[in-house]
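Please read the structure below before turning to the comments.
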Amino acid sequence: MSGYGTTAGDDPLQTAVWRLRSRACWADAAALLEPVTAPAALQRASLLVERCLYTEQGWAEAEDALRTAEALARSDEERGAAACERGQLAYAATLLGVRDRADEARAALGRAAALIAPSAAGRALLDFRRGLLAENLAHSPQAARAAYRRAHAGATAQGDALLLSFTWRHLAGLALREGELAEARHGFSESLRIREELGYLVGTAPALASLADAETEPDASRLRAEAARLFRLLGGVPTWLAPRLAPPAGAA
């Protein structure tokens, strides 16, 4: 994620944005960015879209930021990146039950695929998001795995450690569903390791909870307890993790 505050050469602004983002302070991070250029507007929109997915709040602000990014986009790559963010926002709204925008998500990601070249930096993220759509909205694990693998290869080639933490986790999730425990543990462990190394605190609790699903006791309970501690520390974010961390019925 060079350019996003996770490498030694990043400028102070990007480092500040990353630190706020990683601690679930998306609005504060977005406030540091003046949306006067396409890259700044796109980054600001991506932060606010991510906030929607993690908190189920801020939909109007994300829409406004997206419209600004779309208006400022000039190149195919910039227009494709804006379409990718629109697809992600529509996906999040559908997944979280806010409103069924599945058709919009598919159309936006399809438009992004037509605009972003296969070798472009944004292609790996697009492939990952198409995998999310395939897995969670189309319920096609085979298509999802193919998209996640393309994203994983792209992220590896680009040295995008944060995206790798996502592809590892989602590939491991598919492996777990198929009973491939060793493969699942490896993928979840890699995802957790990367997120801890990057200091991506808001993504660490989900990584711990996922690894717990592939572990046996007492390790599973220890991992879930640590996930619950981080979840409370961040004020109950991501919201969708709460049911997985709830104590079993009848537990003290």
(request) Mind listing the closest non-hydrogen atom pair of P35 and L72 along with its distance? (result) O-CD1, 3.3 Å
(request) May I have the step-by-step check of side chain to side chain contact (heavy atoms under 4.5 Å, CB included) for L42 and T37, ending in yes or no? (result) CA-CA 9 Å; L42 282 165; T37 65; over 6 Å; no
(request) May I have the step-by-step check of side chain to side chain contact (heavy atoms under 4.5 Å, CB included) for Y91 and L132, ending in yes or no? (result) CA-CA 8 Å; Y91 162 79; L132 293 177; 3.8 Å; yes
(request) Answer yes or no: is there a side-chain heavy-atom contact under 4.5 Å between Q43 and Q14? (result) yes
(message) Applying a strict under-4.5 Å side-chain criterion to I, L, V, M, F, W and Y, I'd like to know whether L223 and L233 cluster together.
(response) yes
(message) Grouping I, L, V, M, F, W and Y whenever their side-chain heavy atoms are under 4.5 Å apart, do L234 and L198 come out in a common cluster?
(response) yes
(message) Please tell me whether H170 and F128 form a close aromatic pair, meaning their ring centres lie under 6.0 Å apart.
(response) yes
(request) Could you go through the salt bridge (charged side-chain N to carboxylate O under 4.0 Å, His left out) check for E70 and R67 one step at a time? (result) CA-CA 5 Å; E70 288 164 343; R67 282 192 287 270; over 6 Å; no
(message) Distance alone, cut at 3.5 Å: any donor-acceptor contact between the side chains of Q88 and E50?
(response) no
(message) Are L66 and L89 packed together at the side-chain level, in the sense that at least one heavy-atom pair is separated by less than 4.5 angstrom?
(response) yes
(request) Using salt bridge (charged side-chain N to carboxylate O under 4.0 Å, His left out) as the criterion, point out the one residue from R130, R129, R177 that pairs with E135. (result) R177
(message) Looking at E78 and R74, would you say the former's side chain and the latter's main chain have a donor-acceptor pair under 3.5 Å?
(response) yes
(message) Are R244 and D213 packed together at the side-chain level, in the sense that at least one heavy-atom pair is separated by less than 4.5 angstrom?
(response) yes
(request) Could you please spell out the steps behind the side chain to side chain contact (heavy atoms under 4.5 Å, CB included) verdict for D64 and W59? (result) CA-CA 9 Å; D64 287 344; W59 303 95; over 6 Å; no
(message) Checking side-chain polar atoms at under 3.5 Å, does T94 have a donor or acceptor matched by the opposite partner on R101?
(response) no
(request) First locate atom CG of L162, then atom OH of Y200, and finally report the distance between them rounded to the nearest 0.5 Å. (result) 5.5 Å
(message) How long is the straight-line distance from CD of E183 back to CG of L171, given to the nearest 0.5 Å?
(response) 7.5 Å
(request) Would you please test E178 and R145 for salt bridge (charged side-chain N to carboxylate O under 4.0 Å, His left out) and show each step? (result) CA-CA 12 Å; E178 295 177 352; R145 182 180 291 102; 2.6 Å; yes
(message) With heavy-atom distances below 4.5 Å as the criterion, would you say the side chains of P238 and P206 are in contact?
(response) yes
(message) Using 0.5 Å steps for rounding, measure from the CD1 atom of I194 to the CZ atom of R169.
(response) 13.0 Å
(request) Before giving the answer on salt bridge (charged side-chain N to carboxylate O under 4.0 Å, His left out), spell out for R193 and E197 the whole-Å C-alpha distance, their side-chain angles and the decisive distance to 0.1 Å. (result) CA-CA 6 Å; R193 176 187 63 78; E197 288 178 357; 3.1 Å; yes
(message) Can a side-chain donor-acceptor contact be found between Y148 and D127 if the only test is distance below 3.5 angstrom?
(response) no
(message) Can a donor-acceptor pair be found, under 3.5 Å and without considering hydrogens, that links the side chain of T167 to the backbone of L164?
(response) yes
(request) Measure the CG-SG distance between L126 and C84 for me, rounded to the nearest 0.5 Å. (result) 5.0 Å
(message) I'd like to know if the side chain of R44 reaches the main chain of A31, judged simply by a donor and an acceptor atom lying under 3.5 Å from each other, with no hydrogens or angles considered.
(response) no
(request) Can you spot which of L47, D28, D11 makes a side chain to side chain contact (heavy atoms under 4.5 Å, CB included) with V17? (result) L47
(message) Would R224 and F231 count as a cation-pi pair here, with the cationic atom under 6.0 angstrom from the ring centre and within 45° of the axis?
(response) no
(request) Identify the two heavy atoms, one from E215 and one from A220, that lie closest to each other, and give their separation to 0.1 Å. (result) O-CB, 3.8 Å
(request) Kindly give the heavy-atom pair with the smallest separation between R23 and L201, and that separation in Å. (result) CG-CD2, 4.4 Å
(request) Can you see which heavy atom on A214 is nearest to which on L181, and at what distance? (result) O-CD2, 4.2 Å
(request) In sequence, state the C-alpha distance, the side-chain angles, and the governing distance for L163 and L125, and then conclude on side chain to side chain contact (heavy atoms under 4.5 Å, CB included). (result) CA-CA 7 Å; L163 182 55; L125 178 61; 4.2 Å; yes
(message) In the structure I gave you, are the side-chain heavy atoms of E104 and R86 within less than 4.5 Å of one another anywhere?
(response) yes
(request) Might you confirm whether atom CD of E34 has over 12 heavy atoms from other residues, nucleotides or ligands at distances under 6.0 Å? (result) no
(request) Enter the distance from W168:CH2 to L192:CG here, rounded to the nearest 0.5 Å. (result) 13.5 Å
(request) Drop me the distance from T15's OG1 to L20's CG, to the nearest 0.5 angstrom. (result) 11.0 Å
(message) Distance alone, cut at 3.5 Å: any donor-acceptor contact between the side chains of E85 and S46?
(response) no
(message) Is there a path of hydrophobic side-chain contacts, each under 4.5 Å between heavy atoms of I/L/V/M/F/W/Y residues, joining F188 to L174?
(response) yes
(message) Ignoring hydrogens, what is the shortest heavy-atom contact between A134 and A144? Give both atom names and the distance.
(response) CB-N, 3.7 Å
(message) On a heavy-atom basis, which atom in L241 and which in A209 lie closest, and how many Å separate them?
(response) CD1-CB, 3.9 Å
(message) My understanding is that only one of E61, E56, Q57, R21 makes a side chain to side chain contact (heavy atoms under 4.5 Å, CB included) with R51; could you say which?
(response) E61
(request) Side-chain contact test, heavy atoms from C-beta onward, threshold under 4.5 Å: evaluate it for L53 versus W26 and give yes or no. (result) no
(request) Indicate yes or no: at least one non-hydrogen side-chain atom of S22 is less than 4.5 angstrom from one of V202. (result) no
(message) Quick one about R195 and S165 (side-chain donor to acceptor, distance below 3.5 Å, no hydrogens or angles considered), yes or no?
(response) yes
